[in-house]
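Let me begin by presenting the structure, written as structure tokens, before commenting on it.
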Amino acid sequence: MENIRRREWTDLDYAGWCEFFEENDRHRLDVEALDDVKITGREKRLLASSVKAFCKGEHSEGSYLRHAAAGFAQRYKEVSYPDAIELFIREENFHSAYLAVWLRRHKMTLARHTVLDRIFRQLRRLFGFRSEQMILVTAEMIALTYYSALAQATTSPALQRICAQMLHDELPHIVFQSYSIGHYRQTLFLRTYRRVMMELTTQAVYLAYKPFFLKAGMSLAEFRAENLGYLVQSQEIAGEVAGHESLEGFV
Ligand SMILES: [Fe+2]
Ligand SMILES: [Fe+2]
């Protein structure tokens with residue numbers, strides 16, 4: 001498991017996050033230019049369903065997120081938040097595009113719909129923006145563990161390079177989202193909600209792509225331990241932000 005509690009991230013406010021995302025945007029991956037090998041039909045069958053699902057899940061039009069971000073910015077007097085969310089959506093869409101280019105290059109079609117994506121999208125809107133933020137960060141943590149496993153499971157150097165880029169980008173995303181969640185009072189209910197959400201999605205994702213995880217050498221217990229480890233770090237970051245004086249008036 002990676003340590004996401006890096007000072008250069010945990011010290012950022014939303015203006016700082018905008019600068020961070022803008023800088024990251026100058027170093028995008030050119031997947032077309034990456035060297036690659038032909039992968040076997042067996043490997044394709046093993047990877048296809050989960051790679052397609054994450055390709056779909058990374059993509060977002062962002063219309064609900066933008067709308068909700070404007071409300072959050074107004075309520076918590078965070079004027080830079082909508083800009084940070086705009087840059088965040090852009091980065092996530094690049095992730096989707098990386099995987100889409102790789103899938104097409106290996107003659108695999110993109111998924112129009114996946115069951116997990118539908119569940120995530122419905123859940124995100126069910127209980128308002130707080131819930132959306134918590135589900136988003138849950139998905140980020142699961143994605144982090146998934147891309148680590150994917151790098152192990154594939155023989156494609158291009159896909160391994162994409163996974164490395166995903167890890168590079170997703171680690172700070174968790175800190176960014178945890179910072180936002182830290183604007184809320186860290187009640188027992190909120191912490192329990194996040195834990196239950198993580199437990200359920202961990203089980204659902206593992207069950208949905210079990211053959212892939214087995215090939216990657218990752219058991220359900222290991223997948224769960226990684227995800228819960230990230231959740232603990234995320235809760236710690238949110239707890240520190242919530243305890244910060246400058247935000248006390250808003251929680
Ligand atoms: Fe992503
Ligand atoms: Fe992300």
Side-chain angles (χ1 to χ4, degrees), residues 1-6 9-10 12 14 16-18 20-25 27-31 47 50-62 64-66 68-69 72 81-103 110-111 114 116-117 120-121 123-124 129 131-151 154 158-182 194 197-198 201-202 205 209 226-227 229-231 233-234 237-238:
M1 191 197 333
E2 304 278 343
N3 178 14
I4 57 172
R5 308 205 49 196
R6 296 188 196 160
W9 298 338
T10 53
L12 293 175
Y14 289 123
W17 278 111
C18 287
F20 179 89
F21 287 134
E22 279 164 2
E23 178 57 30
N24 216 17
D25 199 38
H27 308 284
R28 292 285 161 219
L29 194 61
D30 182 0
V31 178
L47 303 185
S50 65
V51 173
K52 288 179 186 185
F54 278 83
C55 178
K56 176 81 182 125
E58 295 272 7
H59 178 75
S60 169
E61 298 297 332
Y64 175 75
L65 205 51
R66 279 188 195 97
F72 179 95
Y81 185 64
D83 290 339
I85 278 291
E86 197 64 47
L87 291 159
F88 165 79
I89 293 168
R90 179 175 160 79
E91 191 152 291
E92 294 294 17
N93 283 331
F94 268 106
H95 292 172
S96 178
Y98 297 156
L99 294 174
V101 171
W102 184 83
L103 283 166
L110 305 188
T114 69
L116 282 181
D117 192 51
F120 265 117
R121 282 177 205 270
L123 273 176
R124 278 166 55 185
F129 191 48
S131 171
E132 161 117 12
Q133 286 170 317
M134 285 176 232
I135 290 162
L136 265 180
V137 74
T138 303
E140 306 261 21
M141 291 184 270
I142 284 181
L144 204 53
T145 312
Y146 168 75
Y147 290 124
S148 300
L150 183 58
T154 186
L159 189 54
Q160 285 166 348
R161 179 66 190 85
I162 292 170
C163 289
Q165 185 67 39
M166 298 300 207
L167 296 182
H168 171 272
D169 294 350
E170 297 293 359
L171 287 166
H173 284 188
I174 298 175
V175 181
F176 170 68
Q177 301 288 6
S178 305
Y179 176 68
S180 298
I181 292 169
R194 294 192 66 190
M197 189 63 62
M198 179 57 89
T201 46
T202 291
V205 172
Y209 306 112
E226 286 280 303
N227 293 338
Y230 286 126
L231 178 62
Q233 294 189 65
S234 171
I237 294 166

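In each ligand, atom 1 is the first atom listed, and ligand 1 is the first ligand listed. All values below come from the heavy atoms of this structure, side chains included, with hydrogens, waters and symmetry mates left out.
- Among the atoms of Asp169, no N, O or S atom is found under 2.8 Å from the Fe ion (ligand 1).
- When the N, O or S atoms of Glu170 are ranked by distance to the Fe ion (ligand 2), OE1 comes first.
- Asp30 and Arg161 are not joined by a salt bridge, as no carboxylate oxygen comes within less than 4.0 angstrom of a charged side-chain nitrogen.
- In this structure, Glu22 does not pair ionically with Arg90, as no charged nitrogen and carboxylate oxygen lie closer than 4.0 Å.
- Nearest to the Fe ion (ligand 2), among the N, O or S atoms that His173 has, is ND1.
- Contact annotation: the side chain of Asn24 approaches that of His168 to within less than 4.5 Å [non-hydrogen atoms, C-beta and beyond].
- The N, O or S atom of Glu92 lying closest to the Fe ion (ligand 1) is OE1.
- Exactly one residue among Ile89, Asp25, Leu29 makes a side-chain contact (heavy atoms from CB on, under 4.5 Å) with Phe94. That residue is Asp25.
- Note on Glu91: not counted as a metal contact of the Fe ion (ligand 1), no N/O/S atom lying under 2.8 Å.
- Checking His95 against the Fe ion (ligand 1), an N/O/S atom falls under the 2.8 Å cut-off.
- Donor-acceptor pairing under 3.5 Å is lacking for the side chains of Asn93 and Glu58.
- Under the side-chain contact (heavy atoms from CB on, under 4.5 Å) test applied with Ser234, the options Val175, Thr138, Val137 reduce to a single match, Val137.
- When distances to the Fe ion (ligand 1) are checked against a cut-off of 2.8 Å, Glu140 contributes no N, O or S atom below that limit.
- The N, O or S atom of Glu58 lying closest to the Fe ion (ligand 1) is OE1.
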